[in-house]
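Below you'll find the structure, written out as structure tokens, and then a few comments.
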2 protein chains.
Amino acid sequence: MATAERQTAAEGIRLTPVRRRALEILLESHRAMGACEVLERLSQDGFGNQPPVAYRALDFLVEHGLAHRIQRLNAYAACHAPGQPHAPVFLICRGCDKVAETGTDSLRGALDDLARASDFTIERMAVEALGLCPACRAAEDAS
Amino acid sequence: MATAERQTAAEGIRLTPVRRRALEILLESHRAMGACEVLERLSQDGFGNQPPVAYRALDFLVEHGLAHRIQRLNAYAACHAPGQPHAPVFLICRGCDKVAETGTDSLRGALDDLARASDFTIERMAVEALGLCPACRAAEDAS
DNA sequence: CATTGACTTGTTATTCTATAACATAAATAA
DNA sequence: TTATTTATGTTATAGAATAACAAGTCAATG
Ligand SMILES: [Zn+2]
Ligand SMILES: [Zn+2]
Ligand SMILES: [Zn+2]
Ligand SMILES: [Zn+2]
């Protein structure tokens with residue numbers, strides 16, 4: 001949160017009340033949340049209760065690297081490393097729905113090479129893996 | 001299409017009329033199509049005209065590697081290399097909405113390393129990059 | 001200070017996407 | 001044949017996302 005404030009101040013963009021609260025909600029939950037779920041929390045706090053209110057706040061956070069969108073789940077999660085440029089990888093467990101944000105430099109390099117080779121300008125990317133976390137795999141193996 | 005027939009026959013799974021037609025539709029269009037768009041085409045050919053008809057056929061194709069789902073676009077595209085295991089990368093142009101399927105072994109390796117390190121079992125993955133194709137970048141630079 | 005223009009928030013209404021639940025039909029296995 | 005599975009179709013509902021408009025805020029300019 002402090003990082004987010006420093007960053008938005010530095011970039012001269014406005015972390016307004018709704019946006020700030022939306023980020024707090026994502027940070028507090030420690031998991032990926034759907035837009036409608038975020039909207040519900042926002043409206044409880046006195047903000048608007050119509051879809052665009054949540055979508056705009058979340059779009060802003062994603063736009064400025066403060067949150068990520070998990071396409072596969074139609075959900076959003078706060079970024080673990082805002083500011084710092086990275087190619088995040090989301091490991092999504094189909095057993096318990098937990099999402100882990102990770103990433104490696106070698107992956108980043110591989111994607112950069114690919115973009116260069118195809119002359120495609122990559123502006124944003126999403127790497128999402130669906131599978132089983134250690135706990136859920138153990139549970140599945142046991143059954 | 002011939003590849004798909006050989007593969008389904010070999011695996012003992014059924015490429016039924018709806019599924020076959022759905023794949024043909026994806027192949028004919030040469031682009032990513034939304035489920036509702038596919039449904040429309042299917043119903044024109046005498047198949048059911050309710051959402052589940054399209055979703056089930058598309059799920060089958062994805063399940064068996066005959067098509068990919070482009071999460072960011074909520075759309076589906078026929079696979080360029082069915083049968084052959086690969087970690088596809090989709091380059092999605094935000095200018096013209098075209099989708100290119102590509103991929104590299106180094107990327108595949110980087111993801112495998114990551115999975116091993118985190119003890120996460122990857123079952124399926126999606127790598128999607130949003131940006132500009134050469135043509136659209138040229139157009140944007142000119143303006 | 002007053003006004004302009006950019007940005008932000010809120011609301012209404014609509015569209016697109018996806019799934020649950022059930023009934024019927026076809027294919028496969030016993 | 002009979003039972004079991006698999007696939008198809010329909011109805012109804014839930015969930016996600018956007019378009020379009022109105023109103024408010026804010027900083028800057030004259
Ligand atoms: Zn991040
Ligand atoms: Zn799990
Ligand atoms: Zn493919
Ligand atoms: Zn383009």
Side-chain angles (χ1 to χ4, degrees), chain A residues 8-9 11-26 32-64 66-77 92 94 97 126 128 130, chain B residues 4 8-9 11-26 31-64 66-77 92 94 97 126 128 130:
Chain A
T8 50
E11 292 182 25
I13 53 182
R14 290 193 258 168
L15 189 63
T16 60
V18 227
R19 295 168 175 173
R20 185 196 170 88
R21 185 73 195 111
L23 179 56
E24 282 172 1
I25 289 168
L26 289 183
M33 297 181 75
C36 296
E37 208 176 345
V38 173
L39 174 61
E40 208 172 321
R41 301 281 302 275
L42 284 175
S43 66
Q44 282 170 11
D45 295 348
F47 296 101
N49 64 338
Q50 298 302 318
V53 172
Y55 282 106
R56 280 193 290 235
L58 291 168
D59 283 350
F60 173 89
L61 296 176
V62 171
E63 181 78 16
H64 294 92
L66 298 172
H68 294 291
R69 167 135 189 240
I70 318 284
Q71 302 279 348
R72 184 175 291 271
L73 300 178
N74 277 333
Y76 301 80
I92 308 166
R94 67 168 165 77
D97 262 9
E128 301 180 10
L130 185 73
Chain B
T8 50
E11 293 182 25
I13 54 182
R14 291 193 258 164
L15 189 62
T16 61
V18 229
R19 295 168 175 174
R20 186 196 170 88
R21 186 73 195 111
L23 179 54
E24 283 173 359
I25 289 168
L26 289 183
R31 64 191 173 84
M33 298 180 75
C36 295
E37 209 177 345
V38 172
L39 175 61
E40 208 173 319
R41 301 280 303 273
L42 283 175
S43 66
Q44 283 170 10
D45 294 349
F47 296 101
N49 65 337
Q50 297 303 317
V53 172
Y55 282 106
R56 282 194 289 235
L58 291 168
D59 283 350
F60 173 89
L61 296 176
V62 171
E63 181 79 15
H64 295 91
L66 298 172
H68 293 293
R69 167 135 189 242
I70 318 286
Q71 304 276 348
R72 184 175 289 272
L73 300 178
N74 277 333
Y76 301 80
I92 307 167
R94 66 167 166 76
D97 262 9
E128 301 179 9
L130 185 72

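Chain A is the first sequence line, chain B the second, and so forth, proteins listed ahead of strands; every chain is numbered from 1.
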Quick check for you: among [options], whose closest atom lies nearest to any side-chain atom of [X]?
X	options	answer
B:Val53	D:dG9, C:dA20, C:dT11	D:dG9
B:Tyr76	D:dA7, C:dA18, D:dA16	C:dA18
B:Arg14	D:dA16, D:dT6, D:dT18	D:dT6
B:Gln50	C:dG10, D:dT11, C:dA18	D:dT11

Interatomic distance where [atom1] belongs to [X] and [atom2] belongs to [N] [whole Å]:
X	N	atom1	atom2	result
A:Asp59	D:dA19	CG	P	11 Å
B:Leu42	D:dA7	CG	P	17 Å
B:Leu73	C:dA18	CG	P	11 Å
A:Leu15	D:dT25	CG	P	19 Å
A:Leu39	D:dT18	CG	P	14 Å

Kindly say if B:Asn49 contacts the phosphate of D:dT10, meaning a side-chain N or O under 4.0 Å from OP1 or OP2.
yes

Close approaches to DNA chain D from residues 16-23 of chain A, in residue order (heavy atom, under 4.0 Å)
none

Would you kindly compare A:Arg56 and A:Glu37 by the position of their nearest DNA chain D nucleotide and give the one closer to the 5′ end?
A:Glu37

Mapping B:Asn74 and B:Phe60 onto DNA chain D by nearest heavy atom, which one lands closer to the 5' end?
B:Phe60

Base, sugar-phosphate or nothing for A:Arg69? Non-hydrogen atoms, less than 4.0 Å.
sugar-phosphate

